J.: 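Here it is: the structure, laid out below.
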Amino acid sequence: MGITGLAVTLIFISIGLLAPALANENPLVCKYDGKIYAPAIKDLLHANLPYVGKMLFPHSAPFHLVTFNFKKRMNSERGDWVLWTPVPHGELKTSEHNLAAPSRSHWLGTDEVGRDVLARMIHGARVSMMVGFISVGISTTIGLLLGALAGYFAGWVDILISRLIEVVMCFPVFFLILTILAIDPRPSIWKVMIVIGITTWTGAARYVRGEFIRLRDSEYSIAARALGARPLRIILRHLLPNALAPLFVTVTFGIAAAILLESALSYLGVGVQPPQPSWGNILQSGFANMMTATHMIYPPAIAIFLGVLSYNLVGDALRDAVDPRLART
Amino acid sequence: MLQYLTRRLLQIIPTLVGITLVVFTIICLAPGDPAALRAGEVQDPMISERIVMDLRERYHLDEPIPVRYWHWIKGLATGDLGRSLADDRPVIDKIKLAFWPTVKVNLCAVILAFFISIPIGLYAAARQNGWFDRASGVVLYMLYSLPSYVGAIILVLFVSVRLGWLPFRGAISDDYFQLDAWGRFVDIVAHMTLYVLCATYTSLAYYSRFVRQNMLEVVRQDYIRTARAKGLPEHAVIIRHAFRNTLIPFVTLVGLVVPSLLGGSVILESIFTWPGLGRLFIESMYQRDYSVLMALSTATAVLVLFANLAVDLLYGVVDPRVSHR
């Protein structure tokens, strides 16, 4: 089960990373008026490696023009040819076919302003994966730092940090995130990630603290101290590597929780802002148009379910591997 | 015992001050002026400017944050939560109105979840690794991974929209007050059903796994072997000897559940247009109604803190071996 989960998460991650080359209104590679262009590949590089992408493909006129329509301008007599992306629609490109049912040109139909739902799902995967990884990265870093300090130094440092953990744990986290995001006049995906990160670090901190208290008095750390090693060195070189493996368990479950949280926030309209797609806001517009068209509800529902399920499965498998005592009896 | 209780209660105070101070600061730093928002309804600019000034004066909006926090704490100490900035009604009235719908649904959901998951957990533990144990494990794990609001949307789509069996908007129908007593009861139950189902199913996996895990630990104890050796029937062994002893960890579970009665309902309430605390929170958020927001956040925090305390105290009651010093 863990392997299946891992496979699904890897598929989602690759879809997310490759999104600009999987669904794009511009061609992957084409010849236009005697020159060869690769606008979708340029978008892909641009999205994943911002600076390198810009250096390799400085300009791709006329494809960056909004008014340019390659489909209409293409002339095969001139020797033009084209290789489209698997889904030849952009996630923001509107059309006059709004709320169209799934068809051969739009595999999952279109939304209320005629955007291709499949293209939006693919780009939504990118958003979900990004939010999952970056927010958990932030929360784990904070948790690791505070947990390590509390566990290693004990005494008043520990009391102070433990109190802080307790206070943050009693925070109505979902309410707090909603408040911060809703009162912000310019919400953005980065703020969503930061807010999720700074409110969900308590689990990791408590965990690391416990591990450090256990490891602090182990023979090897006493030996390191006797050799005159500085606290920073003991923490980084001796204690951290030994506490790290089990931390992956909290990281995996954290990603599942962050994906869930992001889609919930976007559903409520305070997370990822339209027109940028996210599974949550696709589901929301599907629900809003439920009476006239139902085809927009299933894709995001299934994607959110599979995303959360697969990360949970990986987390469970990791936990069983790291701590056999907790394995299912 | 009394000393322990006093110490714990005293510890709650700084924690609570910390939480309220942070939430208060965040809300106050937020851009957007509740006074201007409310005065925006008045057409005449001269009058509206005066209203804004009056409102700012009245709610201390021009004073620095520490002073405003002090005003708020003073009010709280005398049991006064202040008035709503949006419509000037006392905050406590608004919360009272929204309290029961939220508690009603969540209480039903928790009770239903216990009634379903405890037997599942017991049976799965009694026939460990049997077909029921495996099947229920897989099904509950799937349900656990389906977020409640996604499940809610699918349920609404099929049961309410496609089949038209149950309503899904609001807590009562428009013609509720024309109905007789039985009709009213049916109306309330019909509106609650889908919501309660959605609030229930995600927690089933957690509860039943919890019961199963603890049962498996207890079943290995000597006194269970003794009970079996005495020739007691299996159901008596499981229920009277084993299950009773799993009640101790179950107390912690109840303590963890209570706060979620308030917290976890924001999205479900917005899907079912339920007139509860979650919707009140969202509405107040958009109106920058910080007195209501503060009251709701504080109430949640207090609930969590006291639930934690209650769990620790109940430990001593359920298991006399635990002593509080």
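Not measured: the values here are computed from a predicted model.
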J.: Measuring from A:Y267:OH to B:S270:OG, what's the distance to the nearest 0.5 Å?
T.: 5.0 Å
J.: Does A:N312 reach the side chain of B:Y141, with side-chain heavy atoms less than 4.5 Å apart?
T.: yes
J.: If we only count heavy atoms from C-beta on, is the A:V308 to B:Y144 side-chain gap below 4.5 Å?
T.: no
J.: For B:R127, look at atom CZ and say whether over 12 heavy atoms of other residues, nucleotides or ligands are found less than 6.0 Å away.
T.: no
J.: Which residues pass the ring pair (Phe, Tyr, Trp, His ring centres under 6.0 Å) test with A:W279, not counting sequence neighbours?
T.: A:F12
J.: Supply the atom-to-atom distance A:T294 OG1 to B:F158 CZ, rounded to the nearest 0.5 angstrom.
T.: 8.0 Å
J.: When only heavy atoms count and the cut-off is under 4.5 Å, which of residues 297-305 of chain A reach chain B?
T.: A:I297, A:Y298, A:A301, A:I304, A:F305
J.: Tell me, yes or no, whether the heavy-atom count around B:R279 atom CZ, taken from other residues, nucleotides or ligands under 6.0 Å, exceeds 12.
T.: yes
J.: Counting only non-hydrogen atoms closer than 4.5 Å, does B:I271 touch chain A with its backbone (N, CA, C, O), its side chain (CB onward), both, or neither?
T.: both
J.: Of all of B:V150, B:I154, B:L16, which one pairs up most often with chain A through heavy atoms under 4.5 Å apart?
T.: B:V150
J.: Around A:I3, counting heavy atoms of other residues, nucleotides and ligands shown, do more than 12 lie under 6.0 Å from its CD1?
T.: no
J.: Given the rule in the side chain to side chain contact (heavy atoms under 4.5 Å, CB included) test, do B:V156 and A:F287 qualify, once you have shown the distances and angles that lead to the verdict?
T.: CA-CA 9 Å; B:V156 165; A:F287 187 64; 4.1 Å; yes
J.: I'd like to know which of A:L283, A:V270, A:L164 tops the heavy-atom pair count under 4.5 Å against chain B.
T.: A:L283
J.: Please look at B:V302 and chain A and tell me whether the side chain, the backbone, both or neither of the residue comes under 4.5 angstrom of a heavy atom of that chain.
T.: neither
J.: Tell me, side chain or backbone of A:S263 under 4.5 Å from chain B's heavy atoms, or both, or neither?
T.: both
J.: Which heavy atom in A:L260 sits nearest to a heavy atom in B:Y149, and how many Å separate them?
T.: O-OH, 3.9 Å
J.: Heavy-atom distance under 4.5 Å to chain B: side chain of A:L313, backbone, both or neither?
T.: both
